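So the structure is just underneath, and the comments pick up after that.
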Amino acid sequence: MINIRETSKPVTFYKNAYLYFIIAAIITVFAFVPSYYKRLAVTDAAHHLHGITATFWMLLLIIQPLLYRLRLLAWHRALGNLTLIVVPIIVIGALNMVRIMILNKTNYPPDTPYQLAFIDFFTIFLFVLFYVLAIIHRKNIHLHARYMVCTVLGPLIPAITRLLFLIPFVDNFSKSLNIGYVLIELVLLLLLADDHRSGKIHKPYLLALALFLTQHLLMNFAIDWEWWRNAMDAYARF
């Protein structure tokens, strides 16, 4: 039986984190309104699996800090245990979306699906890495919370990329995508600055910044990798 309220006082840390996750959720939902949320009645099962699980993850990131702040630690842990089931489903759904995209590559601008596939595979890897590290460090709130923050940064890039097209001077996909990466990298720099003001820079944001910079650099070249094209075509046929 879950003890709804626990008497032990949790560490005061990122007490307004849920507000930032709400902003991230609003950005994501707004960006995908035309392609998903307005097309729920005509969307196929694969897109629904991806959309529902991704939405659930955003909601989870909002709820978990609130539960911690309210000292509902048993509920916080119960939802944390649920992620052991949800995360594999998220990953399976995302991998299937990559496969569908490659199979339907003629519906995209030439070669773009291979670049997007690289971004998607790298983002899935980062999501799993940060999640696993968050679980490993679940007893260290400073590391756990930061790694959980990092799980939302990769999925934010496609949302930001879509929204940037609302700005007149952002007139092509490559420009929008690169600006999206720069914005995420700036967010990580701000988080590191906040760590510095708090007296200690922790590893999660340093690791995330290094990995996102790597992804940012490589994704501009992946579109020209013949071996990657062959690998993705083989993956789609598998």
Side-chain angles (χ1 to χ4, degrees), residues 17 20-37 47 50-62 87 90-91 93-102 108-109 111-131 133-134 146-167 169-192 204-223 225 228 232:
Y20 297 107
F21 286 129
I22 288 174
I23 293 172
I26 291 172
I27 290 171
T28 303
V29 170
F30 185 69
F32 285 94
V33 163
S35 62
Y36 178 68
Y37 292 102
H47 283 80
H50 184 55
I52 291 170
T53 54
T55 301
F56 177 83
W57 188 257
M58 298 297 297
L59 291 174
L60 185 74
L61 291 178
I62 294 169
V87 166
I90 292 174
V91 171
L95 290 172
N96 189 42
M97 290 305 300
V98 177
R99 180 176 177 273
I100 291 172
M101 178 178 62
I102 298 297
Y108 294 80
D111 301 325
T112 301
Y114 297 106
Q115 182 183 37
L116 293 176
F118 174 80
I119 293 170
D120 288 344
F121 267 101
F122 206 122
T123 299
I124 294 167
F125 163 73
L126 293 181
F127 174 77
V128 173
L129 174 66
F130 294 138
Y131 170 74
L133 289 172
R146 285 173 171 84
Y147 281 125
M148 290 302 289
V149 168
C150 292
T151 65
V152 78
L153 297 179
L156 265 179
I157 292 174
I160 293 171
T161 299
R162 284 168 169 78
L163 292 180
L164 285 171
F165 279 111
L166 298 175
I167 302 174
F169 74 87
V170 182
D171 52 6
N172 64 72
F173 176 71
S174 180
K175 184 184 293 185
S176 180
L177 186 59
N178 278 281
I179 294 173
Y181 273 96
V182 170
L183 291 175
I184 291 299
E185 289 151 10
L186 287 174
V187 166
L188 283 165
L189 288 173
L190 289 173
L191 290 169
L192 284 168
Y205 298 145
L206 286 173
L207 175 63
L209 181 59
L211 290 172
F212 277 109
L213 284 170
T214 301
Q215 185 185 25
H216 185 182
L217 174 65
L218 293 179
M219 69 93 180
N220 285 294
F221 298 98
I223 197 169
W225 294 340
W228 178 254
M232 289 300 96

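For the numbers below, each heavy atom of this structure counts, side chains included, while hydrogens, waters and symmetry mates do not. What you are looking at is a predicted structure, and each value in this text was computed from that prediction instead of being measured.
Ring geometry for F165 against F173 counts as parallel: the plane angle stays under 30°, on a 0 to 90° scale with 60° as the upper cut. The aromatic rings of F127 and W57 lie perpendicular to each other, with more than 60° between the two planes, well past the 30° mark.
Checking side-chain atoms of R162 against main-chain N and O of P158 turns up a donor-acceptor pair under 3.5 Å.
When all heavy atoms of A222 and W228 are compared, the pair lying nearest together is O-CD1, 4.1 Å. In this structure, K175 and V170 approach most closely via the heavy-atom pair CD-CA, 4.0 Å. Of all heavy-atom pairs between P34 and A31, the closest is CD-O, 3.7 Å. The nearest pair of heavy atoms linking V98 to A117 is CG1-CB, 3.9 Å.
Other residues, nucleotides and ligands place no more than 12 heavy atoms under 6.0 Å from the OH atom of Y20.
For the side-chain hydrogen bond (donor to acceptor under 3.5 Å, both in side chains) test, no residue two or more places apart in sequence or in another chain qualifies with N96. Taking F21 as the reference, nothing meets the ring-ring contact (aromatic ring centres under 6.0 Å, His included) condition, with sequence neighbours excluded.
Atom CG of N178 and atom CG of N172 lie 9.0 Å apart (nearest 0.5 Å). Going from atom CD1 of I27 over to atom CG of L163 covers 7.0 Å, rounded to the nearest 0.5 Å. Between the CD1 atom of I223 and the CD1 atom of I119 there is a distance of 9.0 Å, given to the nearest 0.5 Å. Once rounded to the nearest 0.5 Å, the distance linking CE of M219 with OG1 of T123 reads 10.5 Å. Rounded to the nearest 0.5 angstrom, L186 CG and L209 CG are separated by 9.5 Å. The CZ atom of F212 sits 5.0 Å away from the CG atom of L153 when rounded to the nearest 0.5 Å.
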Trace of the side chain to side chain contact (heavy atoms under 4.5 Å, CB included) decision for I157 with L183
CA-CA 9 Å; I157 292 174; L183 291 175; over 6 Å; no

Determine, stepwise, if the pair L191 / R146 fulfils side chain to side chain contact (heavy atoms under 4.5 Å, CB included).
CA-CA 9 Å; L191 290 169; R146 285 173 171 84; over 6 Å; no

Apply side chain to side chain contact (heavy atoms under 4.5 Å, CB included) to E185 and L213, showing your working.
CA-CA 7 Å; E185 289 151 10; L213 284 170; 3.5 Å; yes

Evaluation steps, side chain to side chain contact (heavy atoms under 4.5 Å, CB included), between M148 and F130:
CA-CA 7 Å; M148 290 302 289; F130 294 138; over 6 Å; no

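Judged purely by distance below 3.5 Å, without hydrogens or angles, the side chains of T55 and Y37 pair a donor atom with an acceptor atom.
Residues F122 and F118 place their aromatic rings such that the two centres sit under 6.0 Å apart.
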